[in-house]
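Here the structure is a predicted model, which is why all the values come from computation and not from measurement. All ligand and atom numbering here is 1-based and tracks the order in the structure.
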Amino acid sequence: MNILIQHPALQAEIDKVAEVAGYLWQKGWAERNGGNITINITAYVDDAMRALPALTEPRPIGKALPHLAGCWFYCKGTGRRMRDLARDPMANGSIIRILPGCDRYEIVADAPVAPTSELPSHLAVHDYLLAKGSPYRASLHTHPIELVALTHSRKWLEKDAATRMLWSMIPETRAFCPRGLGIVPYLMPSSVELAEATIRALDEDYDVVMWEKHGVFAVETDILNAFDQVDVLNKAAQIYIAARNMGFEPEGMSDAQMDELKGAFGLPK
Ligand code: 13P
Ligand code: ZN
C-alpha cells in the first residue's frame, strides 16, 4: 500500500526529498549510492499510520536516543542510488518508527528497505536537535566534490579556516551560510564515533559540518534548505578553485566587508 496517497502533507515532504536527490545526482555529488537523507516526519503521523503493522523485526539503533520517543522518519535505503530515489523515493527508502526504549526501530512502509548505513549519525543528530528544541527536521549527507577536496589539505582543516575563506568568496555565502562550516576529523563511515563527533561539531553552532575526506552533513528545517546550505558553500569552494586554476590566489572580501554583511543581515556569528 502506498501510504502517501492518504497523506498529502507527508507526500509533499517526500517530494522535496526526491527533488533534492535529483539535484545531488545532477551535481555529481551522488556517485553510486553516495549520500543519504533522513527527515523527521513525526508531525505527519496520524492514527491510520500508527495502526500500520511492522514490516520487519525490531532492529537495534546502536544506542538509546531518548528524545526520539514516538518519532517516525523517512530514510534513504542503504545501497540505494540518489538518481533512483529521485524517481521513486518510496522504493528506494522507507518509513521507520522508533520503538519504546528508543534503542530500536522497525520499518513500517512502504517496503522493507533497510535504512542508510549512516543511520547512527542521522538518528543521533535528530535526537540532539529535538533535545535542544530546534525546528530542524531534515538531515543530509552528501559528497560535494570541491568541499571534500579542501579537506585533503591540513590548512583547511584548521578550525574556521575554510569558513573564513568560503565566506570571503561571494557575499551570499556569508549571508546564507552564517554559521559556516564545522570540521569533523576523519572517522570510519557509519560509526557511532562519527555520529558523536558530528554532534559535537553541530553543537559548536554549525548547520553544516565536513566529514574529513568523505562528505558533508547538513541540518535544516527541511531538506531543500539543507541542500541550499551545502550548495552555497560548495559554490564558494568552486570560485576559490576557479581563481587558483587561473593562476592566482583569490583576494577574498575584506573582514570589514564581511562585518558589514553581518550587521545588515543580523547574522549570528
Ligand atoms: P548508504 O548507501 O548506506 O546510505 O551509504 C552511502 C554513504 O554515503 C555512506 O557514507
Ligand atoms: Zn558518505
Atom 8 (O) of ligand 1: the protein heavy-atom neighbour that sits closest, reported with distance to 0.1 Å: Gly35 N, 2.8 Å

Nitrogen or oxygen atoms of Lys76 and ligand 1 under 3.5 Å apart: yes

Glu31 atom CD, over 12 foreign heavy atoms within 6.0 Å: yes

Identity and separation of the nearest protein heavy atom to atom 4 (O) of ligand 1: Thr116 OG1, 2.7 Å

is_close_aromatic(His122, His141), centroid dist under 6.0 Å: no

Test side chain to side chain donor-acceptor pair (under 3.5 Å) applied to Asp222 and Asn225, step by step: CA-CA 6 Å; Asp222 74 3; Asn225 290 331; 3.3 Å; yes

Identity and separation of the nearest protein heavy atom to atom 7 (C) of ligand 1: Asn36 ND2, 3.4 Å

Atom 5 (O) of ligand 1 - nearest protein heavy atom and its distance: Ser117 OG, 3.4 Å

Polar contact flag for Gly79 and ligand 1 (N/O pairs, less than 3.5 Å): yes

For atom 10 (O) of ligand 1, the protein heavy atom that lies nearest, with its residue and separation: Glu118 OE2, 2.5 Å

Over 12 foreign heavy atoms within 6.0 Å of CZ, Arg32: no

CZ (Phe265) with more than 12 external heavy atoms under 6.0 Å: no

For His141, the ligand 1 atoms whose distance to one of its heavy atoms is below 4.0 Å: 8 (O), 10 (O)

Parallel, tilted or perpendicular: rings of Trp156 and Tyr240 (30°, 60°): perpendicular

Step-by-step salt bridge (charged side-chain N to carboxylate O under 4.0 Å, His left out) determination, Glu249 to Arg244: CA-CA 6 Å; Glu249 179 73 23; Arg244 294 295 305 250; 2.7 Å; yes

Numbered atoms of ligand 1 (with element) below 4.0 Å of His214, judged on heavy atoms: 10 (O)

Numbered atoms and elements of ligand 1 in range of Thr78, under 4.0 angstrom, heavy atoms: 1 (P), 2 (O), 3 (O)

Centroid-centroid distance, Trp211 to Phe217, less than 6.0 Å: yes

Numbered atoms and elements of ligand 1 in range of Asn33, under 4.0 angstrom, heavy atoms: 1 (P), 2 (O), 5 (O), 6 (C)

Angle subtended at the Zn ion (ligand 2) by NE2 of His214 and NE2 of His141, nearest 10°: 100°

Per-atom contacts, ligand 1 versus His143 - under 4.0 Å to a heavy atom: 8 (O)

Ring geometry between Phe227 and Tyr23 (parallel below 30°, tilted from 30 to 60°, perpendicular above 60°): tilted

